[in-house]
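Only this structure's heavy atoms are used, side chains among them; waters, hydrogens and symmetry mates stay out. Sequence lines set the chain letters: A, B, ... in the order given, protein chains first and strands last, and positions in each chain run from 1.
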Amino acid sequence: MDAPHSPNAISDFAANLHIGNSLSRKKERFEPLNAPYVGMYVCGPTVYSNVHLGNVRTFLTFDVVFRYLLHLGYKVRYVRNITDVGHLTGDSDDGEDKIGKKARLENLEPMEVVQRYTNDFHDVMRMFNILPPSIEPTATGHIVEQIDMISKIIENGYGYEANGSVYFDVRKFAETHDYGALSGRRIDELQNQTRALDGQDEKRDPIDFALWKKADDSHLMQWPSPWSVGFPGWHLECSVMSTKYLGQSFDIHGGGMDLKFPHHECEIAQNMGAHGQADPVRYWIHGNMLTVNGRKMSKSEGNGFTPDELITGNHKLLEKGYSPMTVRFFMLQGHYAGTLDFSNPALQAAEKGLERLMSAWRLLEDLKPVSSDSAQEAAPDVEDIQKRAYAAMNDDFNTPMLIAVLYDAVKVVNSVASGRMAIDMEGIQSLQSLFERFAKDILGLQHEDTQAAGDDRTDGLMAVICALRAEAKTNKDWATADLIRDRLAELGVNIKDGKDGASWTFD
RNA sequence: GGUCUGGUGGCCGAGUGGCUAGGCUCAGCUCUGCAAAAGCUGCUACAGCGGUUCGAAUCCGCUCCAGACCUCCA
């Protein structure tokens, strides 16, 4: 991806980037701690099952953030973890972790489960053209660091051991820190609302959370520690890995809205408790949920589906299959901070809208200048379109607005292509650059029907067929001309009659 | 119960004080042998009730509705 100016320069447009910070609940101008470097951490998946579309949305959100920061010229270190230590299953709290349970049910090593679903996760990310992060650390690869962080927290007086488990002393921490600042929760309100969970009687206070849990014999994944043979608490890994790779204070932390509490709140407490760092994360970004009929997409609701089901349409919620790019575009048509409702009509609309966008982009490749003498409309102000495109992205990554701006460019391309609007070569190049930057680099859209470009033989055959049909048309032999068009349509080849002869595309 | 999000036209979905969002659908027109594509035009909006204001979808208050989260559960 090229930066707008020289390879090492930060774009002038970067100065106006504003991010909706969920910590302050305000849009704030983005100022990196150590420009041109930017550190970003995003909570990755727990790899105990296939990811579904709701998960994809979160990673897509941060893919666009990552892409835009790169585009602006920042040197981004993007860390996205893999949670490969299972934590407790569901509400039932049967004392078994998710990965361990899956391993037992399928008679696999826990690490086989981890590998299988990590591979699946990577496949899905590729399918949706989501860029890999700079570092993808795993929880199990950082047990030593986690134990070390727990020790620091204990030393600082914010952690205590009970029966081989270690808990975070929330009340102690809250004496000097604002626990609940991110989620807006008050510890007095939290007090009576905690669920009855394993080990609750070991805690000094029900609101304390686990840093280390002693494992019983049935627990498949366990490690030695100064306190017991056991496993780390869920919130700890992200604190440890973000600190290790990005430092005690870094620029952006992202994740799904559902992780705000307790996960991210606890992360902040752990970081502060261990390092005394006042401001571990400068900008918190939370992606909102994908809903189906107004309900959060989740496995337990049975309303989530896998990419395979999506493409084949083989799911009770899907009327037909949709391509990954259609889904990517559909998601980008909503802002990441709002819920997005999944429905067949909405996806079909996205499919058609994307097709229009991509067709114009394709047209642009062979667009020729149109003189102002022959055109009814004056040349477009591409510079202005580009300005609005940057303004949209700078306004908290407003991809729906960016897409609306791109449709202005689509209109220009179509008008020029039909000879209605004037444009010079420079204008065409500006438009090409616009699509390259915003559609390809930033939104990550790509043509899916590349095989339709055809080889030489196909092109030759089509040229012959079109020539025959053109002759039929010249002879006003409409029956033959229509027959050719209809039969080709049945084969998935669409003929469009333009001013300069017919063109063709594959479905 | 608490916390946090939201409630926008036929559908999806932007927009935080006055200026066209956009996409899809539908209707009409232009172009076209017809069709498709494209362009143009039109259509029905801002949950409700009060308030602030010259002016509110946009600010404030209340009500109603929906969703998410509430300690180890994306």
Using a strict 4.0 Å threshold on nitrogen-to-oxygen distance, state whether [X] and [Y] make a salt bridge.
{"X": "A:K387", "Y": "A:D381", "result": "no"}
{"X": "A:D208", "Y": "A:R171", "result": "no"}
{"X": "A:D384", "Y": "A:R388", "result": "yes"}
{"X": "A:K320", "Y": "A:E351", "result": "yes"}
{"X": "A:D482", "Y": "A:R485", "result": "yes"}

**Asked** Taking atom types as modelled, is there a side-chain donor on A:S24 or A:E28 under 3.5 Å from an acceptor on the other?
**Response**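 There is such a pair between these side chains.
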
**Prompt:** Between A:T399 and A:Q333, is any side-chain donor less than 3.5 angstrom from a side-chain acceptor?
**Reply:**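 No, A:Q333 and A:T399 have no side-chain donor paired with an acceptor closer than 3.5 Å.
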
Nearest-Å distance once atom [atom1] is located in both [N] and [M]:
{"N": "B:G22", "M": "B:C4", "atom1": "P", "value": "35 Å"}
{"N": "B:C11", "M": "B:C69", "atom1": "C1'", "value": "29 Å"}
{"N": "B:A14", "M": "B:G6", "atom1": "C1'", "value": "15 Å"}
{"N": "B:U25", "M": "B:G10", "atom1": "C1'", "value": "7 Å"}
{"N": "B:A21", "M": "B:C46", "atom1": "P", "value": "13 Å"}
{"N": "B:U53", "M": "B:G1", "atom1": "P", "value": "35 Å"}
{"N": "B:C60", "M": "B:U20", "atom1": "C1'", "value": "29 Å"}
{"N": "B:A56", "M": "B:A47", "atom1": "C1'", "value": "16 Å"}

In this structure, how many angstroms lie between the [atom2] atom of [N] and the [atom1] atom of [X], rounded?
{"X": "A:L364", "N": "B:A38", "atom1": "CG", "atom2": "P", "value": "16 Å"}
{"X": "A:M401", "N": "B:U8", "atom1": "CE", "atom2": "P", "value": "18 Å"}
{"X": "A:F342", "N": "B:A68", "atom1": "CZ", "atom2": "P", "value": "17 Å"}
{"X": "A:F330", "N": "B:A14", "atom1": "CZ", "atom2": "P", "value": "10 Å"}
{"X": "A:D341", "N": "B:C65", "atom1": "CG", "atom2": "C1'", "value": "15 Å"}
{"X": "A:L290", "N": "B:A68", "atom1": "CG", "atom2": "C1'", "value": "13 Å"}
{"X": "A:I285", "N": "B:U5", "atom1": "CD1", "atom2": "P", "value": "16 Å"}
{"X": "A:L340", "N": "B:C24", "atom1": "CG", "atom2": "P", "value": "17 Å"}

Contact class for [X] vs. all strands (heavy atom < 4.0 Å): base, sugar-phosphate, or nothing?
{"X": "A:N288", "result": "sugar-phosphate"}
{"X": "A:Y48", "result": "sugar-phosphate"}
{"X": "A:S183", "result": "sugar-phosphate"}
{"X": "A:R80", "result": "nothing"}
{"X": "A:K476", "result": "nothing"}
{"X": "A:A404", "result": "base"}
{"X": "A:G256", "result": "nothing"}
{"X": "A:L354", "result": "nothing"}
{"X": "A:D258", "result": "base"}
{"X": "A:H335", "result": "sugar-phosphate"}
{"X": "A:G54", "result": "base"}
{"X": "A:P400", "result": "base"}

Closest nucleotide among [options] to the [X] side chain:
{"X": "A:S415", "options": "B:C12, B:G39, B:C69", "value": "B:G39"}
{"X": "A:A349", "options": "B:C12, B:C24, B:G33", "value": "B:C24"}
{"X": "A:R185", "options": "B:G2, B:C12, B:G39", "value": "B:G2"}
{"X": "A:N414", "options": "B:C40, B:A38, B:C24", "value": "B:A38"}
{"X": "A:K260", "options": "B:G33, B:C11, B:C4", "value": "B:C4"}
{"X": "A:R356", "options": "B:G39, B:G33, B:C12", "value": "B:G39"}
{"X": "A:D482", "options": "B:G39, B:C34, B:G15", "value": "B:C34"}
{"X": "A:R420", "options": "B:G39, B:C34, B:G33", "value": "B:G39"}
{"X": "A:W478", "options": "B:C12, B:G33, B:U25", "value": "B:G33"}

Please name the nucleotide paired to [N] by Watson-Crick or G-U wobble geometry with both distances under 3.5 Å, or report none.
{"N": "B:G1", "value": "B:C70"}
{"N": "B:A47", "value": "B:U63"}
{"N": "B:G42", "value": "B:C26"}
{"N": "B:A14", "value": "none"}
{"N": "B:U52", "value": "none"}

What orientation do [X] and [Y] show, parallel under 30°, tilted 30 to 60°, or perpendicular over 60°?
{"X": "A:Y390", "Y": "A:F438", "value": "perpendicular"}
{"X": "A:Y167", "Y": "A:Y160", "value": "tilted"}
{"X": "A:H264", "Y": "A:W284", "value": "tilted"}

**Request:** Between A:R388 and A:W212, name the one whose nearest nucleotide on RNA chain B is closer to the 5' end.
**Result:** A:R388

**Request:** Tell me which of A:Q348 and A:T291 sits closer to the 5' end of RNA chain B, going by the nucleotide each one is nearest to.
**Result:** A:Q348

**Item:** Pi stacking test for A:Y407 and B:G22: under 5.5 Å apart, planes under 30°
**Value:**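 The ring of A:Y407 is not stacked on B:G22.
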
**Message:** B:G15, OP1 or OP2 - any side-chain N/O from A:N398 closer than 4.0 Å?
**Reply:** yes

**Asked** Within the structure, does a side-chain N or O atom of A:K473 lie under 4.0 Å from either OP1 or OP2 of B:C34?
**Response** no

